[in-house]
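Scroll down for the structure; my scribbles are underneath it.
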Amino acid sequence: MSRYDPSVIEPRWQKAWDEAGAFVARHDPSRPKYYVLEMFPYPSGRIHMGHVRNYTMGDVVARYKSSCGFSVLHPMGWDAFGMPAENAAMERGGHPRDWTHGNIADMKAQMKPLGLSIDWSRELATCDPEYYGQQQAMFLDMLEKGLVYRKAAMVNWDPVDMTVLANEQVIDGKGWRSGAAVERRELVQWFFKISDYSEELLSALDGLKDWPEKVRLMQANWIGRSRGLQFAFDTVGAPQGFERIEVYTTRPDTLMGASFAAISPDHPLAKELEKDPAVAAFIAECRRGGTSAEEIETAEKIGHDTGIRVRHPLDPDWELPVWIANFILMDYGTGAIFGCPGHDQRDFDFATKYGLPIKAVFLAEGDGDAELDAAFVPLKSEKVRYVRGFAGAGVQTGDEGVAAAIAHAEQNGYGQGVTKYRLRDWGLSRQRYWGCPIPVVHCASCGVVPEKKENLPVELPYDVSFDKPGNPLDRHPTWRDVPCPACGAPARRETDTMDTFVDSSWYFARFTSPRAATPTVAAEADYWMNVDQYIGGIEHAILHLLYSRFFARAMHATGHLPAKAIEPFNALFTQGMVTHEIYKTTDDKGRPVYHLPEDVTVFTIADRRIVVLGNVEPPLDMVDDVDAWIRALADEGLLVEVVPSAKMSKSKKNVVDPMNIIAQFGADTARWFVMSDSPPERDVEWTASGAEAAFKHLSRVWSTCDRIGQMPADHKGEGDAELARSVAKAIDEVTRSIDSFAFNKAIAALYGLTNVIARANGSTPAMKEAIRTLAKLMSPMTPHISESIWSYQGGAGLCAQAPWPKADPALLVDDTVTLPVQINGKRRAEISVARDMPGPEVEKLALANEDVIKFLAGQPVKKIIVVPGRIINVVV
RNA sequence: GCCCGCGUGGUGAAAUGGUAGACACAGGGGACUUAAAAUCCCUAGGCCGCAAGGCCGUGCCGGUUCAAGUCCGGCCGCGGGCACCA
């Protein structure tokens, strides 16, 4: 065996795996299957360390499960539609399709050297007609089932990307991709009826035991179920057709604190009243005040008294004014509320501004009614002792009070309990070119006509121009104009394309039969679904994962997935980011200048870290006077400021290119490093020293293997039993750690075993057996070096295809154990006892220990606790 | 504002309520070398002590327990999610 040279062995083993077809997923009914999937990448053109960490985790699981006898499906694809391709076309010319395919080729070439156990024969790209044509077919099925519909709606309009965004894609009032302030516009759009599944998507979260609690909570909050009362106010002086106004409240127990009713500027009554110039002016002001979602959030509350009155449902003589208010949303509840300034901060602000009455209904015992008028009482206030004025709510507060108030309303016939959800339907129309075309045609006489299935896919035309903003499909000379599929008359194709989140909502199902002429094939989907382990970033906790859960249900409803697949991901793991320090200097105008890690040198001298610009050596005489050296560096502008670790980003230049690491150390080192130290759900900081350490470790394993290879075959050695024990314990520890996604602990155990083997002097067969087992245990993390060791030490076949080792249970327990002896909870002595020594004998032995006798100093023992195999505690 | 999570050496981190700091990085000391690199060995929470050893120690305060990093209550700090949602 020569020097450890990954650049030689890694390509060699990758070729060997390919030739053996080692990673081709086989539908084998005689074996249990295991489907492991990492969230597929957007083909930006470059892989980054986050990808390396994500795919290495999936690969560890895939290789491990495969060794355990499962038929493994571990595919890879490309989330290939979306804005960046169009932006590139607009900025640099070229075509989105060419740009995307070029990026896919580049990224694939970067992923291959990682040695991932991916079944590349199942590769797919969402921008290929073969894929999106099937998506169109499903769209038509969903249309037929009423799961897709069209409506005019206020939408989130991204003025930079010039497209509509889903609610989920608006973050802090800004477009999730462009970062531009989002505006509100009314457009006719396509929607998925995800709201039909609100309750189910919520309640099924309880069954997702192997999902992070955090993700389930985020989804539950997003779906946002609330229980409240819906009731109608009778109006006084309202236009015809508005005899009643429906309102919804989650706090019906505060009904006696009502002081006004308010409707949204978009409410039908508000629109009716717009004939009045004053109302029209007010509504215009609401719109003018802020078209952007960001402005709306900070806008001042404004209102307009319509002059209309409504009767309080519990007292017909009690009339409340009806206001139009800018803070009432038309698309939640009924678009109308009753205001209770006594207990709602927002209503309180509004009432204070417009001089409306304020009345608290929850009072502390002993407080007079008058004291709490004109005051705001938080509902959680501990002062609450009884409820004023409303027998229906009794004296209960919180959920009981709400339930009692709803019951009262239902018994007395003025309202019903209603469950509402925050989740809205998913708007999927995008006014973009580079997406899946929506397969319908607009006909003057037939209306919206679905494209015939035999005409699918509706392919994107290639000849488009990006010289003008907006959607190139809209101005395409021929693609747009087609005959109506129903009557044949000249008609127009839908030019909107689908949100790219549609593409990623079912790719996991498509992987089960990626080339089929239907979206899925029942037998394949039945065998491979569900995804047993899904791995990706927490940033998809809501959007992608919620959409996929909806889509799996819709696919079941349209016959494309079996019932068992409606929750498509059995287990979810959300991995942390790869972070790095940021290196910063300041230019002569005081602006920050960032530097790549490879452009600085880090020194640690006398416990001080000094980062210097450039690849430099410290002058030897300066090392004795570090402060002088630092001053000299600062004068030359070479002293670099270190900003604490953050997510790798191009703008901060704190990126490490995986290709450079692989070129320098090999893929095994990169894989080993990203799995070490930090638990996988936490962020891991990339450090040059850590990467070097990983490489040194693998080199040490290599040279240990070399040493064992040169041992004479008849070498007797010593300590074989102890070595076998260490090996068994490592098998046990690594197996349990991988099973529980604690890769850092698996690696710690492997360091331990390496240290044992490196220092051991066992017989040749025992040493060979030990290092072969080490190679196999390492192989999910470092598959290449493992293969080299495996073959060098006479392992049969490929290490990748060898079975996972089993620990002999007899070797896992020691015959004698060292037990600490505590006196009053403080450790004072140790005794060595046989593993199965009975408690009373252990007690005797502990009390006979000379250290114990010394510490007891003759005090009487009150109690003695023996935890077998663990600890002894003497209480005096 | 509402909902969640997390605080352990110089650093990344381990620890079914049972010897806190496994494993590793950085550090210190030594061997080898003309020297350096590489490699190997030792050391390594803090304080006191020549040592043997002792005391303190998991953000802070209290509680439960023979025993608390771990369980409970209350603070402080950091991070994340949601938010005119009626």
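Chain letters run A, B, ... following the sequence lines, proteins first and then strands; every chain starts at 1.
Between A:His697 and A:Trp672, the ring-plane angle classifies as parallel under the 30° and 60° cut-offs.
Under the Watson-Crick or G-U wobble criterion, with both distances below 3.5 Å, B:C78 is paired with B:G5.
The phosphate of B:A86 has OP1 or OP2 within less than 4.0 Å of a side-chain N or O from A:Tyr332. Between A:Asn873 and the phosphate of B:U19, there is no side-chain N or O to OP1/OP2 separation shorter than 4.0 Å. At B:G18, none of the side-chain N or O atoms of A:Arg827 fall inside 4.0 Å of OP1 or OP2 (strictly under the cut-off). For A:Ser678 and B:A13, the shortest distance from a side-chain N or O to OP1 or OP2 is below 4.0 Å. Dashed line: the shortest gap from a side-chain N or O of A:Arg700 to OP1 or OP2 of B:C40 is under 4.0 Å. In this structure, A:Lys301 does not reach the B:C84 phosphate: none of its side-chain N or O atoms is under 4.0 Å from OP1 or OP2. At least one side-chain nitrogen or oxygen of A:Asn744 sits closer than 4.0 Å to the OP1 or OP2 atom of B:A14. Residue A:Arg682 places at least one side-chain N or O closer than 4.0 Å to OP1 or OP2 of B:A13. For B:A20, the OP1/OP2 oxygens have no side-chain nitrogen or oxygen of A:Lys826 closer than 4.0 Å.
Contacts of A:Leu217 with the nucleic acid, taken as non-hydrogen atoms under 4.0 Å apart, involve only primed sugar atoms and P, OP1 or OP2. In this structure, A:Arg736 reaches neither bases nor backbone, as no heavy-atom distance under 4.0 Å exists between it and the strands shown. Residue-level contact check: A:Phe695 touches neither bases nor backbone, having no heavy atom under 4.0 Å from any strand.
Distance NE2 (A:His697) to P (B:U39): 13 Å, rounded to an integer number of Å. We find that NZ of A:Lys745 is positioned 7 Å from P of B:U16, with the value rounded to whole Å. What separates CD1 of A:Ile871 from P of B:A15 is a distance of 18 Å, to the nearest Å. Nucleotide B:G17 holds its C1' atom 12 Å from the CD atom of A:Gln822, rounded to whole Å. Protein atom CD1 of A:Ile747 is 13 Å distant from nucleotide atom P of B:C25, rounded to whole Å. Atom CE of A:Met778 and atom P of B:A24 are 13 Å apart (whole Å). Between the NZ atom of A:Lys729 and the C1' atom of B:C23 there is a distance of 16 Å, given to the nearest Å. Rounded to whole angstrom, the span from the CG atom of A:Asp425 across to the P atom of B:C85 amounts to 21 Å.
Geometric assessment of A:Lys420 against the ring of A:Tyr332 yields a negative cation-pi assignment under the 6.0 Å and 45° thresholds.
The listed nucleotides are B:G18, B:C84, B:A24; the one nearest the side chain of A:Arg346 is B:C84. You'll find that the side chain of A:Ile542 is closest to B:G81, out of B:G81, B:C85, B:G18.
Across B:G29 and B:G77, the matching P atoms stand 42 Å from one another, rounded to whole Å. B:G69 and B:A13 have their C1' atoms separated by 13 Å, with the value rounded to a whole Å. Nucleotides B:C2 and B:C71 are separated by 25 Å at their P atoms, to the nearest Å.
Using modelled atom types, one side-chain atom of A:His343 and one backbone atom of A:Val361 make a donor-acceptor pair closer than 3.5 Å. Panel note: side chain A:Arg671, backbone A:Pro780; a donor-acceptor pair is recorded below 3.5 Å. Judged by distance alone, the side chain of A:Arg53 and the main-chain N or O of A:Gly576 form a donor-acceptor pair under 3.5 Å. At distances below 3.5 Å, not a single donor-acceptor pair connects side-chain atoms of A:Asn744 with backbone N or O atoms of A:Met675.
Donor-acceptor pairing under 3.5 Å is lacking for the side chains of A:Tyr4 and A:Thr669.
Under the 90° criterion around 0 for the glycosidic angle, B:G9 counts as syn.
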